[in-house]
Amino acid sequence: QVQLVESGGGLVQPGGSLRLSCAASGFTSDHYVIGWFRQAPGKEREGVSCVSNYDGSTYYVDSVKGRFTISRDNAKNTVYLQMNSLKPEDTAVYYCATHSDPFARPDEPLLRLLRLWDYWGQGTQVTVSS
């Protein structure tokens with residue numbers, strides 16, 4: 001059974017940093033795409049970034065480019081989201097999810113279509129406030 005467990009959320013001041021982790025288990029294939037999404041109160045869930053476990057290619061939405069970095073540790077089956085220069089508008093519950101096409105290219109259409117993502121974690125709260 002596929003499981004995704006997020007951790008690393010918390011309360012941070014504007015300009016601060018957090019690193020989120022997404023630990024994955026139960027996959028029958030080593031190749032898939034993992035994405036990070038977020039949902040702020042009263043807003044729709046939106047994609048933030050994704051990485052291919054196949055070739056390491058990445059994609060970021062414009063609002064986080066230059067501030068967030070997605071990375072993976074295949075030995076630990078874990079994907080990280082390093083978030084720097086955090087802003088109050090980054091406040092949200094952050095989720096990780098997987099897309100099972102091993103050769104899918106991380107890009108905006110993939111990140112935008114939530115129905116393409118097969119498994120989701122339970123989420124971790126990130127609050128940016130002074």
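We use all heavy atoms of the structure for the numbers below, so side chains are in, but hydrogens, waters and symmetry mates are not. Since the model is a prediction, treat every value here as computed from it, not as a measurement.
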Tell me, yes or no, whether the heavy-atom count around R112 atom CZ, taken from other residues, nucleotides or ligands under 6.0 Å, exceeds 12. yes
Do V51 and V33 have side chains that get closer than 4.5 Å, going by heavy atoms? no
Cationic tip of R45 within the cone over W120's six-membered ring, i.e. under 6.0 Å and within 45° of the normal? yes
Between E6 and G123, is there a donor-acceptor pair closer than 3.5 Å when you use the side chain of the first and the backbone of the second? yes
Under 3.5 Å, is there a donor-acceptor pair between the D118 and T98 side chains? no
For L18 and L86, run side-chain contact (heavy atoms from CB on, under 4.5 Å): C-alpha distance rounded to whole Å, both residues' side-chain angles, the deciding distance at 0.1 Å, then the answer. CA-CA 8 Å; L18 283 174; L86 282 162; 4.2 Å; yes
Can you confirm whether P88 sits close enough to S129 that some side-chain heavy atom of one is under 4.5 Å from a side-chain heavy atom of the other? no
Would R38 count as a cation-pi partner of Y95, with NZ or CZ less than 6.0 Å from the six-membered ring centre and within 45° of the ring normal? no
Calculate, to the nearest 0.5 Å, the distance between atoms OH and CZ belonging to Y60 and R67 respectively. 12.5 Å
E89 backbone acceptor or donor facing T91 side chain under 3.5 Å: no
Quick one, L110 and H99 - any side-chain contact, counting heavy atoms below 4.5 Å? yes
Are L111 and F37 side-chain neighbours, meaning at least one heavy-atom pair lies under 4.5 Å? yes
dist S49:OG -> Q82:CD (nearest 0.5 Å) comes out at 12.5 Å
If I compare all heavy atoms of V79 with all of R72, which pair ends up nearest, and what's the gap? CG2-CB, 4.0 Å
Between the side chains of K87 and D90, is the shortest nitrogen-to-carboxylate-oxygen separation below 4.0 Å, so that they form an ion pair? no
What I'd like to find out is whether the side chain of V126 reaches to under 4.5 Å of the side chain of L20, using heavy atoms alone. yes
Measure the CG-SG distance between L81 and C50 for me, rounded to the nearest 0.5 Å. 11.0 Å
Is K65 atom NZ crowded by more than 12 heavy atoms from other residues, nucleotides or ligands, each under 6.0 Å away? yes
Taking the ring of W36 and the ring of F68, is the distance between their centroids below 6.0 Å? no
Separation between CE of M83 and OG1 of T69, rounded to the nearest 0.5 Å: 11.0 Å
Same cluster for V2 and Y32 if Ile/Leu/Val/Met/Phe/Trp/Tyr side chains link at under 4.5 Å? yes
If you round to the nearest 0.5 Å, how far is CG of D107 from OG of S57? 9.0 Å
Going by heavy atoms in the side chains, are I34 and N53 under 4.5 Å from each other? no
Between L114 and V61, is there shared hydrophobic-cluster membership here, with clusters defined by ILVMFWY side-chain heavy atoms closer than 4.5 Å? yes
Under the side chain to side chain donor-acceptor pair (under 3.5 Å) rule, what do N84 and S17 come out as? Steps first, then yes or no, please. CA-CA 4 Å; N84 299 329; S17 299; 2.9 Å; yes
Between Y80 and R19, a side-chain donor and acceptor under 3.5 Å: no
Between C22 and Y94, is there a side-chain heavy-atom distance shorter than 4.5 Å? no
Got a second to check how far S25's OG is from Q1's CD, nearest 0.5 Å? 8.5 Å
